*Asks:* 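Below: one structure in C-alpha cells.
Worth saying up front: this structure is predicted, and the values here are computed from it rather than measured. Proteins get letters first, then strands, A, B, ... in listed order; numbering begins at 1 in each.
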4 protein chains.
Amino acid sequence: MTKKPARAAIASVARAGSHAPEAGADAEARVSNRAARAAERRAAIVEAAMDEFITRGFAATRLDDIAKRAGVAKGTIYLHFKDKESMFEELVRIVIVPVVTRLTALPPPVGSVRDLIEAFAGNFLKEVIGTRRGDLVRLIVAEGPRFPSVADFYYREVVSRGIAAMRALIELGIARGEIREKDLARYPQILVAPAMIAVIWQSLFVRHAPLDAQDMLRVHLDLIFGERRTT
Amino acid sequence: MTKKPARAAIASVARAGSHAPEAGADAEARVSNRAARAAERRAAIVEAAMDEFITRGFAATRLDDIAKRAGVAKGTIYLHFKDKESMFEELVRIVIVPVVTRLTALPPPVGSVRDLIEAFAGNFLKEVIGTRRGDLVRLIVAEGPRFPSVADFYYREVVSRGIAAMRALIELGIARGEIREKDLARYPQILVAPAMIAVIWQSLFVRHAPLDAQDMLRVHLDLIFGERRTT
Amino acid sequence: MTKKPARAAIASVARAGSHAPEAGADAEARVSNRAARAAERRAAIVEAAMDEFITRGFAATRLDDIAKRAGVAKGTIYLHFKDKESMFEELVRIVIVPVVTRLTALPPPVGSVRDLIEAFAGNFLKEVIGTRRGDLVRLIVAEGPRFPSVADFYYREVVSRGIAAMRALIELGIARGEIREKDLARYPQILVAPAMIAVIWQSLFVRHAPLDAQDMLRVHLDLIFGERRTT
Amino acid sequence: MTKKPARAAIASVARAGSHAPEAGADAEARVSNRAARAAERRAAIVEAAMDEFITRGFAATRLDDIAKRAGVAKGTIYLHFKDKESMFEELVRIVIVPVVTRLTALPPPVGSVRDLIEAFAGNFLKEVIGTRRGDLVRLIVAEGPRFPSVADFYYREVVSRGIAAMRALIELGIARGEIREKDLARYPQILVAPAMIAVIWQSLFVRHAPLDAQDMLRVHLDLIFGERRTT
DNA sequence: AATGAATGAGCCTTCATTCAT
DNA sequence: CATGAATGAAGGCTCATTCAT
C-alpha cells in the first residue's frame, strides 16, 4: 500500500495545530501521547474518508465504511467532525492546503519561462494526473455545485491563485518575447486546459483509450512557445 | 427557464416511435391522444429527472422529487423506467442522442478550416456552454466512475466521435497550411480543451469570476491558426 | 396442459347462474354470446387465480400475474370480484362446491364397508393426493387462520360432512362386525388422518422421500379392518 | 400469555454462546450485562416475529409490527437478521432446535413399547398440540413450498428423525409381540398421523368443534396395540 | 476518549385499486 | 364491457446520528 506515507504526511499537518503543554514530564508525555494518538486517528479518518469520497462520491459514501477503513469506531468520527457534510468540507481543505503550501514555496524563477512552465507541468504530471489528487479534482467538480463552500474554497485557494500565477508567467513570457500571442495573458485557462483535460481523461476514459499526458502537454507548449529546437 | 424548448424537443423524439394507424379518425385520434399523453409524461419525467440529477447528483436525487417536478405519481416513473439506475443511464442516452444526431448532420465543409472550427465553436458556445447540456457534461464527469455504462456510452457516442472529427479537421488544416503545428493531429484534445474548461467553469465558478468563453475560444484559435487579420 | 377440462368444468358452473333472456333470436344470441364469453373469462380468472394462490399463497400473489395468466386485463378482474380478499374467499367456494357435489352423489352403498372405504380412498388417491386439489387443501390450512370465512366454509362443506360420512361408515362397519374397535366411531379423524398426511407429504417432502400413499392407506385399513385375506 | 417462559428459554439459549471473562468483576458485569441485553433483545425479536408470522403468515407480516411488539426499533432487527427471509428461516431453526435437543435426550426405554409411545404422545399433547409450537408446525406446512430451506431443515431435523424413531419403536413392538400389524413398520407416518391432524385441527377448527386429542390418541393406540385391559 | 448498539427518518420499489377511453 | 395507464399508500431496508457503557 502507498497509503502510509500520505497518511503520515497528513498526520503531521493535523498535529501541527495541537497544543504542547509544559506540565510535568510524565503528564506531558502522557498528554502528548494521547494527542499524538488522537492526531493519528484523525489522520487515518481523513485518509479513509478521502478514499471513500473519491471512490463513491459524497452521498453514496457510508460513514461505516470510512470508520472501518480508518480502523476506528463509527462514533469516533464524531469526535473529530461535526457531521458528514462538514467532514467533507473540512476534508477538502485539509488535503488541499499542504499542496498549495508546497506549490507556493516555488523554486526560484530561473531559466526561461518555458522551462519554468515545463517544470510546473512535470510536477503536475507526477503529482496530480492519474493520482488520487487528480481524482480529488474530479470530486470537486462533481460535488462543487452541492457544496458551495467547497467550490468557494477551491476557487479561492487553488484556482484563482493558479490563474494568477499562470498569468504572471505568461506576461513574463510575453515580455521576454518567448510568447507571441499577447491575448493569452487574458486567458491563462488556455494554458492549463490540456492539463485539466488530462486529469479528467485519466479518471474516465483510460479504459477506452490511454492518453500520453506528458507528450500532449509538450505539444501544447510547442503551440504556445513555438516548436522547441531539439537540444 | 430554458425548459420549454428542450421538453418539446424530447417529446417529439419520444413520439417519433409511435405508430400512426389508418383506421377511423376517431380511433386514430384516441390512440394518438393516448400515445401522445404517454410521450408527454415520459418527456416530463425525463426533463424533471435531468434537472434533479444535475442539481443533486445521482445518489442524492429522490424519485419523489422527480415525480413531483414532472407532475406525475411516483409509481408512474416505473411505467417508463426499470429503476433509478437504469433511468439515469437511459436519461443520458435520451438527452445525448439527438444532440449527436444533429451534430452528425453537419453543414457541408466549405470555407477555411478555421471557419469550420469557428462555426463548430459557435454552436458549442450557444448550445452547450452555460446550458443544461453543459451541466450534463459535468454530471457525466461526476458520475462516470460509478456508472461505467454511462462513461462507455459517452465515450463511444460523443468523445471518440468528437476526437475523430477534430482530428480530421486538424489534418485538413495542416494539409492546407492553415495549421503549422503538425503534432496537434495527435492530440485533438488540445483543440477541445478550452471549450471543456469553459463548460466546467460555467458550472462551478461563474459566481466567482465570469468567463467570456467566446473570446477565450477566439484567442485559442489564434494560437493554433495564427492571429487572424481583422477583415 | 391439463387445464382446459378443469376450466371448462368451472365455466359451466359459473354459467349456471346466468340469466337467459327471451328477446329476439338475434339479441338472444348476442346476449348469450356475451354471457358465454363473460363466463369463460370468469372461469379463466378463477383457474388462473387458483394456480397463483396455490403457488404463492394469498399475500404473495399479484393480481397482475393472475390477469396475465388468465389472459385478461387487470381491470377485468374487478368486474367479477370485489377485491382480492373476496376473490380468494369466493374462489375456494367455487372450486370446492363441485367436488362436494360430486362426492355427495355417492355410488350406492353395496359391498362390504371396507370395499366402500377403499373405493373412497382410491378416489381420494387419484383426485386429491398429489394434485392441485391437494394443494388447495394445503392452501386452506395455510390461509385458514387469516380467512375465517374460508375456514368456516371449508369446515361446514367439507370437513363436517366428511367426518359425518366417515362416522356413518364406521358405525356400519362396527354393526356388521367388520370393525372391532368401537371407539373409532368417536374419532373418524383417525380413519382420514393418513390420507391427509399423504396430501401434506406430497406438497412438502416428496423431494426428500417419496411416499407410496396407496400402499400406506392399505396398511392403515388393514389395521382397522384386520389383515385382508388375499382373495 | 404463554410468552414469558418461552422468551426466557430462548434467551438462555442465546446467552449460552457468550463468553464469561474472568477479568475484573466490573468488566465482567458490564460485558455480560451488554451481552445479556443483546440476547434479551434478540429473544424478544424472535418471540415477536414468531407470533406475527404465525398469526399473519410470512408475506403479510410487517417488520414494523415485529419491532413494535418486540419493543425495539425497526433498524435493530437488522442487527440480528440479514433480512426478512433469512429471519424467517433462522426463526424456525431457533425455535425447533431446542425442542429436538430435548426430545433427543429421551427417557431411558423402560417398560412396554406402548408405554413408551404413550409417554411420547403425552409429551406431544402437552408441548405441541394447541400450543404455539403447534402453530409453528402449521406455519411450516403453510410456507414450506415457498421456503425450501425451511422445509429441508424441518424434514432433516424433525420429520426424518421422528420417522426413524417411530420406526424403531414399532419394530421393537413387533418383535415383542405388542404390535400385530407387521407392515406398520414401513409407514410410521400412520402412527403419527392422528397427532398431526390434532395439531392442524386445533389451529383451524377448534372454534367449530373441539377435539379431545388425548382421547383420540388413546383410541388410535388401542387400534394399533389392541384394546388396553383397564388396570 | 472511544466504542458500537440502537434508533428512526427517509427512500426505493411494489402492487391493489381506480377510471378515462 | 374491457382495458391498462395512473395512482399513492405501504413496506423493506439503509444509514447518519446518538448515547450508555
*Asks:* Please give me the minimum heavy-atom distance between C/I66 and C/M87, naming the atom from each residue.
*Replies:*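 So the two residues come closest at CD1-CE, 3.8 Å.
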*Asks:* Does a side-chain N or O from D/R41 land closer than 4.0 Å to OP1 or OP2 of E/dT7, or not?
*Replies:*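 Yes, such a contact exists.
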*Asks:* So what does B/L79 touch, heavy atoms closer than 4.0 Å: a base, only the sugar-phosphate, or nothing?
*Replies:*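 Counting heavy atoms under 4.0 Å across all strands, the contact made by B/L79 includes a base.
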*Asks:* Could you check D/T76 against C/G75 and say which one's nearest nucleotide on DNA chain E is further toward the 5' end?
*Replies:*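 The residue closer to the strand's 5' end, by nearest nucleotide, is D/T76.
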*Asks:* Given atom CD1 of D/I66 and atom C1' of F/dC13, what is their separation to the nearest angstrom?
*Replies:*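 That distance rounds to 14 Å.
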*Asks:* Which one is paired to E/dA1, where only Watson-Crick or G-U wobble pairs with both distances under 3.5 angstrom count?
*Replies:*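 Across any shown strand, E/dA1 pairs with none.
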*Asks:* With respect to the phosphate group of E/dG10, does any side-chain polar atom (N or O) of B/R62 fall under 4.0 Å of OP1 or OP2?
*Replies:*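 For B/R62, the contact criterion (side-chain N or O under 4.0 Å from OP1 or OP2 of E/dG10) is not met.
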*Asks:* When the ring planes of B/F88 and B/F147 are compared, do they come out parallel, tilted or perpendicular, using 30° and 60° as the limits?
*Replies:*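 The arrangement is tilted - the two ring planes meet at 30° to 60°.
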*Asks:* Quick check for you: among E/dA2, F/dT17, F/dC13, whose closest atom lies nearest to any side-chain atom of D/Y78?
*Replies:*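 Out of E/dA2, F/dT17, F/dC13, the nucleotide with an atom closest to D/Y78's side chain is F/dC13.
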*Asks:* Just the rounded figure in Å: distance from C1' of F/dA5 to CG of C/L63.
*Replies:*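 These atoms are roughly 16 Å apart.
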*Asks:* How many whole angstroms separate atom CD1 of B/I45 from atom C1' of E/dT13?
*Replies:*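 Distance, rounded to whole Å: 15 Å.
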*Asks:* Atom CD1 of D/I77 and atom C1' of E/dA5: how far apart are they, to the nearest Å?
*Replies:*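 The distance from CD1 of D/I77 to C1' of E/dA5 comes to 15 Å, rounded to the nearest Å.
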*Asks:* Which nucleotide sits closest to the side chain of D/R37: E/dA16, F/dA2, F/dT21?
*Replies:*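 Of E/dA16, F/dA2, F/dT21, F/dT21 is nearest to the side chain of D/R37.
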*Asks:* Examine distances only and state if a side-chain atom of A/T61 and a backbone atom of A/G57 form a donor-acceptor pair shorter than 3.5 Å.
*Replies:*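 Side chain of A/T61 to backbone of A/G57: a pair is present.
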*Asks:* Going through the distances and angles, do A/V150 and A/E143 end up as a side chain to side chain contact (heavy atoms under 4.5 Å, CB included)?
*Replies:* CA-CA 8 Å; A/V150 165; A/E143 307 289 356; over 6 Å; no
*Asks:* Go through C/F81 and C/E89 one step at a time and tell me if the side chain to side chain contact (heavy atoms under 4.5 Å, CB included) criterion holds.
*Replies:* CA-CA 10 Å; C/F81 301 96; C/E89 293 173 359; over 6 Å; no
*Asks:* E/dC15 P sits how many Å from B/K74 NZ, rounded?
*Replies:*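 Computing the B/K74:NZ to E/dC15:P distance gives 15 Å.
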*Asks:* Rounded to the Å, how far apart are A/H80 NE2 and E/dT3 C1'?
*Replies:*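 My rounded result for the distance is 13 Å.
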*Asks:* Between C/V72 and A/D83, which is nearer to the 5' end of DNA chain F once each is assigned its nearest nucleotide?
*Replies:*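 That would be C/V72.
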*Asks:* Starting at the 5' end of DNA chain F, which residue's closest nucleotide do you reach first, D/A60 or A/D64?
*Replies:*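 Taking each residue's closest nucleotide, the earlier one in sequence belongs to D/A60.
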*Asks:* Of the nucleotides F/dG12, E/dT3, F/dA2, which has the atom closest to the A/A73 side chain?
*Replies:*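 Side chain of A/A73 sits closest to E/dT3.
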*Asks:* With both distances under 3.5 angstrom, what nucleotide forms a Watson-Crick or G-U wobble pair with F/dA10?
*Replies:*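 Check on F/dA10: paired to E/dT13, both distances under 3.5 Å.
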*Asks:* Using a 4.0 Å heavy-atom cut-off, does B/K84 contact any base of the nucleic acid, only the sugar-phosphate backbone, or nothing at all?
*Replies:*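 Result for B/K84 = sugar-phosphate.
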*Asks:* Using whole Å, what does the distance between atom C1' of nucleotide E/dC12 and atom CZ of B/F81 come to?
*Replies:*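 It works out to 16 Å between those atoms.
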*Asks:* Which one is paired to E/dT7, where only Watson-Crick or G-U wobble pairs with both distances under 3.5 angstrom count?
*Replies:*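 When the pairing criteria are applied, F/dA16 turns out to be the nucleotide that pairs with E/dT7.
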*Asks:* Run the side chain to side chain contact (heavy atoms under 4.5 Å, CB included) test on A/D65 and A/R62 for me, step by step, so that the C-alpha distance in whole Å, both residues' side-chain angles and the decisive distance to 0.1 Å come before the verdict.
*Replies:* CA-CA 5 Å; A/D65 289 344; A/R62 280 164 305 196; 2.7 Å; yes
*Asks:* Specify the separation, in whole Å, of atom CD of C/E52 and atom P of E/dC15.
*Replies:*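 It is 12 Å, rounded to the nearest whole Å.
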*Asks:* On DNA chain E, does the nearest nucleotide to C/E85 precede the nearest nucleotide to B/F58 from the 5' side, or the other way round? Give the residue.
*Replies:*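 The answer here is B/F58.
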